[in-house]
Amino acid sequence: MAAIPRRKADRRYRQRPPDLARRHRPHAPPRKARICCRGCSPRRRTRWAAIGTARAQRRPSCSPPANRLEVGANAPCQGEPMRLSRYFLPVLKETPAEAQIVSHRLMLRAGMIKQQAAGIYSWLPLGFRVLRRIEQIVHEEQARAGHIALLMPTLQPADLWRESGRYDAYGQEMLRVTDRHKRDLLYGPTNEEMITDIFRSHVSSYRDLPLTLYHIQWKFRDEIRPRFGVMRGREFLMKDGYNFDVDKQAALDAYNRHMVSYLRTYERMGLTAIPMRAASGPIGGDNTHEFLVLAQTGESEVFYDDRVTGLKLGNRAVDYYNPEAVKAVCEEFTSLYARTDETHDEAAFAEVPEAHRKVGRGIEVGQIFYFGTKYSEPMGAMVVNAEGERVPVHMGSHGIGVSRLAGAIIEASHDERGIIWPEGVTPFHCGIVNLRQGDSATDAACEGLYAALQARGLEPLYDDTQERAGAKFATMDLIGLPWRLTVGPRGLQKGVVELTCRRSGESEEMSAEAAVERLGEIYAAHR
RNA sequence: CGGAGCAUGGCGCAGCCUGGUAGCGCGCUGGUUUUGGGUACCAGAGGUCGCAGGUUCGAAUCCUGCUGCUCCGACCA
């Protein structure tokens, strides 16, 4: 019985052009019944502050299992072989000629990526693991801030972009394609138009606000000159999110919330990313900050008070549903001078005490914007406010360069021997080096560690190949696992294995059980 | 898009100027050796010299066109 009306509704939506379907919406069946699951009362939806509570209450029926974030393109690697003899890790002894900067060279040498065309890369297993770890942190921090994941397509109809006027404005950087019916499509460089279209199709009341939707999807910008490996590719993976709010103040609260969630996201990746006032570019809007990781190879010149690099969010709990608390954190992180060359102000910079005045270079790893009604107005994304007036929704957008981060992290964390992964994004939690492959006691000890670490929820990479010790060490150093367990007959006679920190180079001998325990503790601190 | 350069086994390169049918190192395969920081030796496999045309008895090499990639600049997450 329920199936018949649904089918009718489907037909109605399919046959009408989008604008008619939209005009028809007031008579459409209540959408809440369609988007919510059976266990939830549609009437429970209310303003943001209350939604937090309502969501928590209905979690058992509404919330997907925690691991649902990892399906599809983000599928976990769990279960894949993690012993080197059965893995695919094509490391290179020599550096390919095309790589100029250190992260690009190391990613190629460590077998993380392979270039397929200018600015377009395959992600080999090791690189793919890093990419997924980065994605996972982004997802977790978005969820923590109350933002909701969806997935929009890579290809978009040109008509949507004609509505906003950006189809012509965007220029050569946008990759345009034509399908067999001669319809104009484009490979999305960003998604403001599409998300606005989704919003206007389904939301019409301030009671459904605030709302922040995001996705992590491949984008394409046809850069004139791609370079620096994945740091400036043409195809790139990006988290982009969009907030919808009833007025400017609420939208600025969302802006601040994003700033804090981004700070936490970068910190978890082992990065110090400084929010800097920025120029808005083709997205538009006045209120915008870029997040920059300091690195000599950065593409932007940055001017800053060096005390900003000491600011840390750490483990402090920030209540994302309390705009004042969120704003206070933002002020803490933005009151010291920090700007890119685009917005640099010599006079203001001169007021920074000379001892703290620093000029350097930075890699941009994210940007947040408030742009008000720039898209909602031309595209008719309206909501009825509490006073009963139809007003354009206030929006902002926010991006994190996911694939670029893989390169940026390496730029910020490497030495002459190779990569040094921060614990938060490492492709494997530790390496196991078997110094005497084929020796039954050594093999058994390694197998024991391999199993015990996995039982603790860790993912070790076990080098069970016939290589010499030197070659195994060199490979481990190159691929940058933060911890290494070295197992050989000499140590086993004393009942110990060796745990080495990649970053400091320090080693410590301990029993296998103690080493497993220790690694478990180290990674427990990075959850 | 303006300027410059490169394209030769999987990777890094030599050979081209002065045309005679391809070589080195690493890697790979088999063997011996070695085994706590890229071991040594022996024997092998692997190349339409980016593509198309031209000159020539003969082209990796000289000429023309094309394609791809890289670097500098303007542009960008």
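Below, read A as the first sequence line, B as the second, and so on, with proteins coming before strands; counting in each chain starts at 1. These figures come from a predicted structure and were not determined experimentally.
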Checklist entry - For atom P, what is the distance between A40(B) and U34(B), given to the nearest Å? => result 14 Å
Next on the checklist: What's G438(A) touching, base or sugar-phosphate or nothing? Going by heavy atoms closer than 4.0 Å.
Outcome noted: nothing
Item to check | Same-atom distance (P) from U33(B) to G47(B), integer angstrom | outcome: 32 Å
Item to check | Whole-angstrom distance between U55(B) and U64(B), as gauged at atom C1' | outcome: 11 Å
Next on the checklist: Output the rounded distance in Å from CD1 (I224(A)) to C1' (A74(B)).
Outcome noted: 7 Å
Item to check | Value in whole Å for how far the C1' atom of A77(B) lies from OH of Y170(A) | outcome: 9 Å
Checklist entry - Which sits closer to the 5' end of RNA chain B, A99(A) or E342(A), going by the nucleotide each is nearest to? => result A99(A)
Next on the checklist: Distance check, C1' atoms only: A60(B) and A7(B), in whole angstrom units.
Outcome noted: 11 Å
Checklist entry - Taking atom P of A77(B) as reference, at what distance in whole Å does atom CD of E364(A) sit? => result 6 Å
Checklist entry - Does the pair H147(A) and Y214(A) meet the rule for a ring pair (Phe, Tyr, Trp, His ring centres under 6.0 Å), with working shown? => result CA-CA 7 Å; H147(A) 304 161; Y214(A) 77 95; 7.1 Å; no
Checklist entry - What does E98(A) touch in the nucleic acid at a heavy-atom separation under 4.0 angstrom: a base, only the sugar-phosphate, or nothing? => result sugar-phosphate
Item to check | G10(B) versus A74(B) - spacing of their C1' atoms, nearest Å | outcome: 37 Å
Checklist outcome for this item: Atom CD of E299(A) and atom P of A74(B) are separated, to the nearest Å, by 13 Å
Item to check | C1' spacing across the pair C51(B) / U67(B), given as an integer number of angstrom | outcome: 7 Å
Checklist entry - Could you give the CD-to-P distance, from Q100(A) to G12(B), as a whole number of Å? => result 13 Å
Checklist entry - Got a sec, which pairs hit ring-ring contact (aromatic ring centres under 6.0 Å, His included) with one end in residues 470-510 of chain A, sequence neighbours left out? => result none
Item to check | Nearest-Å distance once atom C1' is located in both G9(B) and G23(B) | outcome: 11 Å
Checklist entry - Paired with G10(B) by Watson-Crick or G-U wobble geometry, both distances under 3.5 Å: which nucleotide is it? => result C26(B)
Item to check | Close side-chain approach of M174(A) and Y167(A), heavy atoms under 4.5 Å | outcome: yes
Checklist entry - Salt-bridged, R162(A) to D184(A), with N to O below 4.0 Å? => result yes
Checklist entry - Less than 4.0 Å between a side-chain N and a carboxylate O, is that true for R83(A) and E447(A)? => result yes
Next on the checklist: Can you pull out the residues from residues 113-124 of chain A that lie within a 4.0 Å heavy-atom distance of RNA chain B?
Outcome noted: Q115(A), A117(A), A118(A)
Checklist entry - When you compare C63(B) with G5(B), how far apart are their P atoms, in angstrom units rounded to a whole number? => result 14 Å
Checklist entry - Does U48(B) have a Watson-Crick or wobble partner in any strand here, with both distances under 3.5 angstrom, and which is it? => result none
Item to check | Atom-pair distance (CZ on R105(A); P on C71(B)), nearest Å | outcome: 12 Å
Next on the checklist: Can you tell whether the side chains of E509(A) and K494(A) come within less than 4.0 Å, N to carboxylate O?
Outcome noted: yes
Next on the checklist: Tell me whether the side-chain N or O atoms of E94(A) pair up with the base of G25(B) as donor and acceptor below 3.5 Å, since no angle test is needed here.
Outcome noted: yes
Checklist entry - Salt bridge between E192(A) and R166(A), side-chain N to carboxylate O under 4.0 Å? => result yes
Item to check | Between P of U70(B) and CG of L108(A), the distance in whole Å | outcome: 11 Å
Item to check | For C62(B), the Watson-Crick or wobble counterpart (both distances under 3.5 Å) | outcome: G54(B)
Item to check | Among C76(B), C72(B), G12(B), the one nearest R225(A) by side-chain distance | outcome: C72(B)
Item to check | Base C75(B) to side chain R232(A), donor-acceptor N/O within 3.5 Å cut-off | outcome: yes
Checklist entry - Separation of L131(A) atom CG from A77(B) atom P, in whole Å? => result 20 Å
Checklist entry - When you check every protein heavy atom under 4.0 Å of nucleotides 32-42 of chain B, what one-letter string (B, S, -) results, 5' to 3'? => result --BSBBBB---
Checklist entry - Is E163(A) salt-bridged to R200(A), going by a charged N under 4.0 Å from an acidic O? => result yes
Item to check | Side-chain ion pair, R277(A) and E290(A), N-O less than 4.0 Å | outcome: no
Item to check | Side-chain donor-acceptor pair present, N243(A), H398(A), cut-off under 3.5 Å | outcome: yes
Item to check | Nucleotide forming a Watson-Crick or wobble pair with G5(B), both distances under 3.5 Å | outcome: C69(B)
Item to check | Salt bridge present between K219(A) and E173(A) (N-O < 4.0 angstrom) | outcome: no
Checklist entry - Which part of the nucleic acid, if any, lies within contact of E290(A), taking any heavy atom under 4.0 Å across all strands shown: a base, the sugar-phosphate backbone alone, or nothing? => result nothing
